[in-house]
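Hydrogens, waters and symmetry mates are skipped; everything else that's a heavy atom, side chains included, is used. In what follows, chains carry the letters A, B, and so on, assigned in the order in which the sequence lines appear, proteins first and then strands, with residues in each chain numbered from 1. These numbers come from a predicted model, not from an experiment.
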Protein chains: 2
Amino acid sequence: MTQVAEGTRSARRAELIGAAARLFSERGYHGTSMQHLGDALGLKRGSLYAHIGSKEELLFDVVDDGAERFLARGAEALASTGTAADRLSTFLIGHIETAIEHLDAATVFLNEWRYLSDHLRSVVQAKRDHYEGMIGTIVTEGVASGEFRSDADARFAVLLVLSAGNWVYEWYRPGGRLGPQEIGEKFADLIVSGLKTKRQKGSA
Amino acid sequence: MTQVAEGTRSARRAELIGAAARLFSERGYHGTSMQHLGDALGLKRGSLYAHIGSKEELLFDVVDDGAERFLARGAEALASTGTAADRLSTFLIGHIETAIEHLDAATVFLNEWRYLSDHLRSVVQAKRDHYEGMIGTIVTEGVASGEFRSDADARFAVLLVLSAGNWVYEWYRPGGRLGPQEIGEKFADLIVSGLKTKRQKGSA
DNA sequence: CCTACCGATCGGTAGG
DNA sequence: CCTACCGATCGGTAGG
């Protein structure tokens, strides 16, 4: 019975986090009021506090959700076999697929996390660092093995990859002529080719 | 005398727009109150309305300022001579230099413009379209002349270039080991090389 | 999950 | 450019 009550409560909570992801991504964190969130669920403003502790906690839940999705997908790419170029492609494709499949959470993760207060923001910062480290690992291995240009500064390539991937939510709209997979592959193709050594290019 | 009064008034207005660029970029449009803006200028909240019509008008001024800087710089690159690859590099370097040199205005231009109401947002949208069109022109010419891979879909390359350039404000901090010029060149090198045909690469 | 309320703050205006 | 004010709304709580 407590089970049922708990079950119901977390279902509501999940609903609330989903609505928050959508509203925060559309209107921004500061542009979304508890009233907006209540309206979205058909509840009164004050009733929301039966499910959450504060508005900021809700932001954290959405952001952390987004972070975890990127991390899980990134870990898969990191663990995959193949050349560094293959794994970098896989990583980038996964990044873009994740961003597109969970567009709301990804948008909030990328745009609104900076409004978290110090403590919660540092939790997210650690996850972001971890994620960037994954890309750095692949690039460094590619340089070491001679696949990538030795002047291709690893840190810089990481930024390029993230830059390309992170802007997707700006222009991607469901139902366009390219799906997540195609977009990821095209990005990966252009970027990875820019990293490759001449010898590798010739032999491809 | 009216001259002097007008002069004083616009100096204040410019000050206000500068403060708004900084605050909106740090705290977001909805996270910045007129009180914050007043404090930044040492004025009372209500006094700001001697210089502006509304908070939204202030957002438009900052965003439009950013748009105009990108457009001016882009027009220079478009008018420059050289191969399509040269001009695309010039364009991208200019984009990144502009973003870095006017980091606050660029950040607001890229992140906060969506909070403008329909009319003002459409004015900005037209300028964004114009800007994207400039890049499209260069890429299309590069494909036509055989410099760029024919499968390098122009629209897609535009997105890649903008994606790479638009994320700069996320990680760039003044005083880092790379300056705007170096960052722009590195980006341009990686991206343009991904667009080039094999023949062009060999002859480079 | 609601009603009713808290103090604080919001953008903006009038009148000087 | 300030004082004093407008109605509306903010996030959040108490008590049921």
Side-chain angles (χ1 to χ4, degrees), chain A residues 1-2 4-21 23-24 26-63 108 112 114-121, chain B residues 1-2 4-21 23-24 26-63 108 112 114-121:
Chain A
M1 35 208 84
T2 310
V4 175
E6 292 281 327
T8 304
R9 198 145 60 210
S10 20
R12 265 301 199 202
R13 194 169 207 278
E15 246 187 295
L16 186 45
I17 293 173
L23 285 167
F24 290 169
E26 272 173 23
R27 320 177 56 104
Y29 174 64
H30 289 301
T32 303
S33 67
M34 298 307 291
Q35 184 70 59
H36 288 130
L37 285 159
D39 290 350
L41 270 76
L43 298 183
K44 296 296 173 185
R45 198 166 84 256
S47 306
L48 300 174
Y49 290 87
H51 307 287
I52 57 164
S54 69
K55 188 188 177 192
E56 189 188 11
E57 181 193 304
L58 200 47
L59 173 59
F60 177 79
D61 284 342
V62 174
V63 167
V108 176
E112 310 294 321
R114 62 201 183 104
Y115 300 124
L116 289 167
S117 55
D118 289 353
H119 174 63
L120 292 177
R121 201 176 59 249
Chain B
M1 35 208 86
T2 309
V4 175
E6 293 279 328
T8 304
R9 198 145 61 211
S10 16
R12 265 303 198 200
R13 195 169 207 278
E15 245 187 297
L16 186 45
I17 294 174
L23 285 168
F24 291 168
E26 271 172 25
R27 322 177 53 104
Y29 175 64
H30 284 122
T32 303
S33 68
M34 297 308 290
Q35 183 70 57
H36 289 131
L37 285 160
D39 290 348
L41 271 76
L43 297 182
K44 295 296 172 187
R45 199 166 85 254
S47 306
L48 300 174
Y49 290 88
H51 308 288
I52 56 163
S54 68
K55 188 188 176 191
E56 189 188 9
E57 183 194 302
L58 200 48
L59 173 59
F60 177 80
D61 285 342
V62 175
V63 167
V108 176
E112 309 296 321
R114 62 202 181 104
Y115 300 124
L116 289 167
S117 57
D118 289 353
H119 174 61
L120 291 177
R121 200 177 59 248

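- The 5' end of DNA chain D is approached more closely, in terms of each residue's nearest nucleotide, by B/Lys44 than by the other of B/Lys44 and A/Tyr49.
- No side-chain donor-acceptor contact under 3.5 Å links B/His51 to the backbone of B/Leu48.
- Annotation for A/Phe24 and A/Leu59: closest pair CE1-CA, 3.8 Å, computed over non-hydrogen atoms.
- End-to-end axis angle of the helix from C/dC1-D/dG16 to C/dG16-D/dC1, using five pairs per end and rounding to 10°, comes to 0°.
- Among residue pairs with one or both ends in residues 48-62 of chain B, those qualifying as salt bridge (charged side-chain N to carboxylate O under 4.0 Å, His left out) are B/Arg13-B/Glu57, B/Arg13-B/Asp61; sequence neighbours excluded.
- Toward the 5′ end of DNA chain D lies the nearest nucleotide of B/Gly42, the other residue of the pair B/Gly42 and A/Ile52 mapping further downstream.
- When every heavy atom of B/Leu58 is checked against every heavy atom of B/Ile17, the shortest pair comes out as CD1-CG1, 4.0 Å.
- Close approach of DNA chain D to chain B, defined as any atom under 4.0 Å from a non-hydrogen atom of the protein, starts and stops at D/dC1 to D/dC5.
- Of all the residues in residues 31-38 of chain B, B/Thr32, B/Ser33, B/Met34, B/Gln35 reach under 4.0 Å from DNA chain C with at least one non-hydrogen atom.
- Annotation: side chain of A/Arg12 is in contact with side chain of A/Leu43 (closest heavy-atom distance under 4.5 Å).
- With hydrogens and angles disregarded, no donor-acceptor distance shorter than 3.5 Å links the side chain of B/Arg45 to the backbone of B/Gln35.
- For B/Ala21, the side chain to side chain contact (heavy atoms under 4.5 Å, CB included) test picks out B/Val62, B/Asp104, with sequence neighbours left out.
- The minimum heavy-atom distance between B/Arg27 and A/His30, with the atom names listed, is O-CD2, 3.9 Å.
- Checked against side chain to side chain donor-acceptor pair (under 3.5 Å), B/Ser47 has no partners two or more places apart in sequence or in another chain.
- In this structure, A/Ala19 and A/Leu41 approach most closely via the heavy-atom pair CB-CD1, 3.5 Å.
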